[in-house]
Structures are given as structure tokens and as C-alpha cells.
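Below is one structure, written out as C-alpha cells; comments come after it.
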Amino acid sequence: MGRRSFSSTWLVLFVAVLAVSLAPPCAAAEIKTRATEWSFRLLLPSGVTGAESLAFDARGQGPYAGVSDGRVLKWGGCAVGWTTFAHRANYRKLPLCTMPVAPSEETESLCGRPLGLAFHRNSGDLYIADAYKGLMRVGPDGGEAEVLATGVDGVPFNFVNGIDVDQATGDVYFTDSSLTYPRRFNTEIMMNADATGRLLKYDAGTKQVIVLKDGLPYPNGVAVSHDTTYVVVAHTVPCQAHKYYLQGPKAGQYELMADLPGYPDNVRRDGKGGFWVALNQEKGRPNATTTPVKHLVGVRLDGHGVEVEELTAAKGVTLSEVTERNGTLWLGSVELDYIGLVA
């Protein structure tokens, strides 16, 4: 009886192992798709476009958005609408800025072009990455923004872009996308494989800027991780996200986090321990003969860099930011005249 039972057990185990070995490989976890085509549109004021980055203050007010005429605007709800929250010094004295008569691409070096925005919740300060004017800061009541830095180690900033704040330390992490090409000629960075970008840190204690990593290909958006142990850096080219470690045994190391299906812009923490990465354009498909079935404009990565969700939009729509707040996605674009909302 005992021997027959023993033999039967081994037979069952053999059949189980054989079944597993012959079974097809396990499919990858399904990636959730969320469409944005029918999102609610919050129109920007007439005459301005390009809410490249979005931010909400500690009171939940906003969004705040930097736009094409050089201002940072604040949304005060339907009753108030959009108001000017911040601007560079002497902005109101420049007719080209306050009453534009030329395309913003021709005046932004004079008027400023705020790109990345990030609040420090404890102080209420808003930090602004202005492509031309440098790293800036304005207090909780807004007004004229103070320039904190225009260069580091004797090398001036050329294309300040993404930004985030470590809420625990107050340190600010930001990118200078290229030492060769300014924002107006950003496509040249890709066409010429420029790799002169830098990841920078503004130390809240010393008030000094230091270079964390240089020689980077088109570093764009940045986001401090949920546990503040690393910073995620999106590289528009070559369509990747990297980690720069701030703490632990890997402190100071720079490593690949994810290959992305498009050209990334800003990165923002999500509500699940991961990150939203906005895609300005899908990655080209060599030898493709058909149009893609869907148009990707954003992806959600988990903390390990695995893609778990994707955003789609109508052809021609581009995103530069996906900000998650209370389950709602706020969508910014450097090209469009509105902000999208997706529940």
C-alpha cells in the first residue's frame, strides 16, 4: 500500500512537471490603456499656449502653468478664471511681452519661457525652470520671480527644462538640456545627437548649484522618487528614463530605468509608487508600412521601470506633462491652447 502510494505520488509529480514544461510562456502583465480623446478641456487665456508643466500648491489650489508669453498663470476656478501669478523682472515694462506682436518663439528669450514648475510645500515657494532666465523662485503670494542661478562652475545655463523639489530637504533638482542649443532650436539636439546636457542640484542649505551628472543626451523631466532615494531623469533622446541615486550603496550612480515607446518630456510621481511620463511624440518604427493603431502620449511606470499603463490621444495631440491629483489626470502640452482632464 505504501509503495503504491509512493509510486503514484511520483507519477503525479512527473505529469505536473511535464505539463509546465510544455505550457506556453506566461504572457506579460497586461498594460492598461486609458484614452484621453474625450477629456475635459480647460482653455488657456486667449493669445497664449503651451502649459508645459502643471503644479498645485499645498492648499490644493491651481493648477499653476507656465505659458508662451513668459508668465506663470494660476487657475482660480470658474468664478475667477486665470490670473497672472508670477513673471520675470521688468516683464510688465516690455511691450513685446505684454502686448505681443510677434510669435512667442521670437520673443521668449527676452520675455522668458517657464517650463518645469514645482512647489516646496513647507515654504509655499514655487520653483520655476525658465528655459532662458535660469532657476527662479517666487513666494506663496506670487509676483516678480527671483533668479536664484543662471549658471554653475562658470558655465551659464543654456536650456533649463525639468524640475522637482525634495520635500524633505528643500533641495531642487533640475536639468539643463543642452549647452549647445537653446530651447528654440531643441530639435537640433536630436538631429545632431547632442550630449552636453546636465543634471543639476540647487542645495537649499548652501544656496549653491552643483553638477550631479554631465555629458547627458537631452535630459528633460525630473522627479524625486517617493522614498527620496533617487531622481528619475527622462531623456528625450534616446527615449529612456534613468535613475540617479541620492542615497544608499548606489549613491551617485546613474543607471537605466526604462526604454520608452516615445520621446519623453516631464516626469511626475503617480499615486501608486511609480511615475507618469509624458510623451511628446511616439518613437519612429523602422520600415513601418502602416499607421500605428493607437497614438501614445504618456505611460505610467512602476517603481522598477515596468510600463503598467498607457495614455492614448487623437493623432496630432502631444503631451509634455501628466500630473495625477486625487485620481484625476491633468494633462499639459507645450503646443496646445488648453489643459486636459481625465477622470
Side-chain angles (χ1 to χ4, degrees), residues 42-59 61-120 123-151 156-163 165 172 174 176-177 182-186 202 207 209 266 320-321 330 332-339:
L42 178 59
L43 294 175
L44 294 171
S46 177
V48 299
T49 59
E52 199 270 355
S53 179
L54 308 173
F56 293 85
D57 62 29
R59 297 166 293 181
Q61 296 182 2
Y64 297 75
V67 293
S68 58
D69 67 359
R71 293 178 295 161
V72 174
L73 305 180
K74 177 184 178 181
W75 175 250
C78 294
V80 177
W82 290 104
T83 57
T84 299
F85 180 74
H87 52 80
R88 57 152 298 202
N90 299 319
Y91 174 88
R92 298 187 185 280
K93 298 179 181 179
L94 300 172
L96 279 176
C97 304
T98 57
M99 299 180 63
V101 294
S104 60
E105 293 82 4
E106 298 179 13
T107 61
E108 60 183 24
S109 61
L110 179 65
C111 303
R113 184 52 169 106
L115 297 178
L117 303 177
F119 273 101
H120 181 228
S123 66
D125 291 340
L126 175 64
Y127 288 87
I128 305 166
D130 190 292
Y132 298 92
K133 305 305 176 184
L135 177 64
M136 306 173 74
R137 178 179 63 195
V138 67
D141 297 324
E144 186 176 298
E146 169 192 10
V147 177
L148 298 177
T150 58
F157 300 151
N158 194 57
F159 182 1
V160 181
N161 200 336
I163 195 168
V165 178
V172 181
F174 62 108
D176 188 12
S177 291
R183 193 195 90 88
R184 185 179 179 185
F185 302 108
N186 67 88
Y202 174 77
K207 315 298 183 188
V209 174
N266 290 331
S320 55
E321 174 126 330
W330 294 74
S333 171
V334 74
E335 298 177 359
L336 302 178
D337 62 356
Y338 62 87
I339 294 169

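This structure is a prediction, so every number in the text was calculated from the model and none was measured.
Tyr91 places a side-chain N or O within 3.5 Å of a backbone atom of Cys97 that can act as its donor or acceptor partner.
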Candidate pair Val138 and Val72, rule side-chain contact (heavy atoms from CB on, under 4.5 Å), full reasoning | CA-CA 10 Å; Val138 67; Val72 174; over 6 Å; no
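Side-chain contact check for Glu52 versus Asn266: some heavy-atom pair is nearer than 4.5 Å. Counting heavy atoms from C-beta outward, Leu126 and Phe119 have side chains that approach closer than 4.5 Å. Annotation: side chain of Ser68 is in contact with side chain of Thr49 (closest heavy-atom distance under 4.5 Å). Here the side chains of Arg113 and Val334 are in contact, with some heavy-atom distance below 4.5 Å.
Checked against side-chain hydrogen bond (donor to acceptor under 3.5 Å, both in side chains), Ser53 has the following partners two or more places apart in sequence or in another chain: Arg268, Glu321. Annotation: salt bridge (charged side-chain N to carboxylate O under 4.0 Å, His left out) contacts of Asp337 (sequence neighbours excluded): none. Applying the side-chain hydrogen bond (donor to acceptor under 3.5 Å, both in side chains) rule to Thr98 yields no partners; only residues at least two apart in sequence or on another chain are considered. A search for ring-ring contact (aromatic ring centres under 6.0 Å, His included) contacts involving Tyr202 returns nothing, not counting sequence neighbours. Residues passing the side chain to side chain contact (heavy atoms under 4.5 Å, CB included) test with Ala51, sequence neighbours excluded: Leu44, Leu54, Ala65, Ile339. Glu144 is linked by a side-chain hydrogen bond (donor to acceptor under 3.5 Å, both in side chains) to nothing, counting only residues two or more places apart in sequence or in another chain. Every side chain to side chain contact (heavy atoms under 4.5 Å, CB included) that Pro45 has, sequence neighbours left out, goes to Val48, Leu73, Trp82. The side chain to side chain contact (heavy atoms under 4.5 Å, CB included) check on Asn158 picks up Asp176, Pro182, with sequence neighbours excluded. Tyr127 meets the ring-ring contact (aromatic ring centres under 6.0 Å, His included) test with no other residue; sequence neighbours excluded. In this view, Glu108 and Tyr132, Arg183 satisfy the side-chain hydrogen bond (donor to acceptor under 3.5 Å, both in side chains) rule, not counting sequence neighbours.
The only member of Ile128, Leu115, Val165, Val209 that meets side chain to side chain contact (heavy atoms under 4.5 Å, CB included) when paired with Phe174 is Val209.
Pairs engaging residues 128-141 under the salt bridge (Lys or Arg N to Asp or Glu O under 4.0 Å) rule: Arg137-Glu146 [sequence neighbours left out]. The salt bridge (Lys or Arg N to Asp or Glu O under 4.0 Å) analysis of residues 88-106, with sequence neighbours excluded, yields no pairs.
Here the closest heavy-atom approach between residue Gly66 and residue Pro114 is recorded as CA-CG, 3.7 Å. Nearest heavy atoms, Ala102 versus Thr107: CB-CG2, 4.1 Å.
Atoms CG and CG, on Asp57 and Leu117 in that order, are 12.0 Å from each other to the nearest 0.5 Å. With rounding to the nearest 0.5 angstrom, the CZ atom of Phe157 is 6.5 Å from the OG1 atom of Thr150.
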